[in-house]
Amino acid sequence: MSNPLDTDAGTELFKHYETEYQLVRADLTQKLDQINELSGEPRKAALSAAERALEETDELVGQMQMEKQNVPSSQRTAINRRIRDYKSDVDGYRRKLRTLAEDRSALFGGRYTDNPSGSSGDAQLEQRQQLLSGTDRLDRSTQRLKASQQLANETEFIGANTLATLQQQRETIEHTTRVMYESEGYVDRSLKSIKGIARRMATNRIITIAIITVLVLLIFAVIFSKFK
């Protein structure tokens with residue numbers, strides 16, 4: 001069987017689940033020990049109480065299985081070993097509870113006989129068979145419910161991871177969009193600057209041409225005045 005908490009591995013929530021598991025397991029062990037001393041209706045009530053405690057331990061192990069995803073990688077090995085021990089304990093308790101439930105002589109007390117005779121015996125046998133059949137159906141339904149709950153927990157975990165991934169992608173897209181907008185602003189300002197430079201260059205060229213033209217005209221005027 002697994003030992004009590006002996007390391008600091010795990011998150012606070014994981015430790016909480018382990019503490020709850022130890023308490024429920026102790027209660028379940030006590031109930032299983034008491035069943036051997038009971039018969040008839042008290043034994044049925046004790047079996048039901050033990051079944052509920054067993055379901056609670058199984059649920060706590062499932063919660064620990066989910067929470068281990070949040071445990072640091074360096075502690076995963078110890079956590080996995082601990083969870084395997086808990087699962088082994090639960091399976092052992094389940095087998096013991098099934099053995100106690102199948103003890104018909106203790107369950108039905110003095111009314112039980114392996115060789116019923118007459119109509120009264122047939123009626124008792126039929127009642128026992130119906131009860132056992134109902135117990136089997138209940139056990140199968142419980143297992144299906146546990147499987148559905150585990151699937152729902154896994155689906156919830158996957159959904160949470162997917163939402164977190166989508167949120168990160170959204171933030172990345174928003175950041176990229178902001179960078180693009182900023183880049184467009186830089187490009188617009190650069191284009192305006194280039195257009196301004198081009199206009200100044202065109203203006204300077206016109207002024208230069210005008211100056212050259214005036215100088216040429218003056219030269220011609222001077223030459224003309226000398227030969228007049």
Side-chain angles (χ1 to χ4, degrees), residues 1-71 75-112 127-157:
M1 291 188 178
S2 60
N3 296 324
L5 307 182
D6 52 8
T7 69
D8 294 330
T11 63
E12 291 298 326
L13 184 57
F14 187 92
K15 294 176 184 178
H16 171 73
Y17 289 144
E18 281 191 305
T19 302
E20 290 293 323
Y21 173 83
Q22 298 296 339
L23 294 175
V24 177
R25 187 181 69 173
D27 182 59
L28 173 59
T29 302
Q30 182 180 10
K31 284 181 169 60
L32 291 174
D33 292 338
Q34 292 175 347
I35 291 175
N36 288 319
E37 304 173 0
L38 302 174
S39 63
E41 293 300 325
R43 187 182 182 90
K44 294 179 185 178
L47 286 170
S48 298
E51 175 68 23
R52 290 192 295 271
L54 180 62
E55 291 178 359
E56 188 172 355
T57 58
D58 197 24
E59 291 176 0
L60 288 169
V61 172
Q63 293 294 333
M64 284 187 277
Q65 181 74 27
M66 296 295 298
E67 180 60 21
K68 80 172 184 178
Q69 303 296 330
N70 299 322
V71 174
Q75 302 176 358
R76 291 281 177 85
T77 300
I79 291 297
N80 287 331
R81 182 172 58 251
R82 199 176 290 178
I83 291 177
R84 284 196 299 270
D85 291 341
Y86 293 154
K87 288 183 177 179
S88 178
D89 290 345
V90 173
D91 290 339
Y93 294 137
R94 184 176 288 109
R95 288 192 296 271
K96 183 175 182 179
L97 181 60
R98 185 177 295 111
T99 300
L100 292 171
E102 291 174 351
D103 188 352
R104 300 180 182 182
S105 60
L107 182 62
F108 294 99
R111 296 176 299 168
Y112 179 80
Q127 290 176 356
R128 289 195 297 272
Q129 290 175 342
Q130 291 177 351
L131 179 59
L132 292 175
S133 177
T135 301
D136 291 339
R137 288 195 299 271
L138 179 60
D139 184 64
R140 289 194 297 270
S141 299
T142 300
Q143 295 301 324
R144 288 195 295 269
L145 180 60
K146 290 178 181 178
S148 299
Q149 182 178 2
Q150 183 177 1
L151 179 60
N153 290 336
E154 293 176 353
T155 302
E156 181 180 0
F157 177 75

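Note: hydrogens, waters and symmetry copies are ignored here, and every other heavy atom, side chains too, is used.
- Salt-bridge formation is detected for the pair Lys31/Asp27: a Lys NZ or Arg NE/NH1/NH2 atom is positioned less than 4.0 Å from an Asp or Glu carboxylate oxygen.
- Atom CZ of Phe14 and atom NZ of Lys68 lie 9.0 Å apart (nearest 0.5 Å).
- One finds the CD atom of Glu67 at 10.5 Å from the NE2 atom of His16 (value rounded to the nearest 0.5 Å).
- The closest donor-acceptor contact from the side chain of Arg43 to the backbone of Leu100 lies under 3.5 Å.
- For the pair Gln65 and Lys87, the minimum side-chain heavy-atom distance is below 4.5 Å.
- Taking the side chain as every heavy atom from C-beta outward, Lys96 and Thr99 never approach each other to under 4.5 Å.
- Put simply, the side chain of Arg25 reaches to within 4.5 Å of the side chain of Gln22, judged on heavy atoms.
- Between Leu28 and Leu32 the shortest side-chain heavy-atom distance falls below 4.5 Å.
- Of all heavy-atom pairs between Ala53 and Val24, the closest is O-CG1, 3.6 Å.
- Remark: the Glu18 side chain and the Tyr86 side chain contain an N/O donor-acceptor pair separated by less than 3.5 Å.
- The line from CG of Leu60 to OG1 of Thr19 is 10.5 Å long, rounded to the nearest 0.5 Å.
- A salt bridge is defined here as a Lys NZ or Arg NE, NH1 or NH2 lying under 4.0 Å from an Asp or Glu carboxylate O, and Arg94 with Asp91 meets this definition.
- A donor-acceptor pair under 3.5 Å is absent between the side-chain atoms of Ser88 and the main chain of Arg84, judged by distance alone.
- No side-chain heavy atom of Asp58 sits under 4.5 Å from any side-chain heavy atom of Gln63.
- A distance of 10.5 Å separates CE in Met64 from CG in Leu13, rounded to the nearest 0.5 Å.
- Contact of the Thr57 side chain with the Tyr93 side chain is not registered, since no non-hydrogen atoms from C-beta on lie closer than 4.5 Å.
- Across every non-hydrogen atom of Ile35 and Ala46, the tightest pair is CG1-CB, 3.7 Å.
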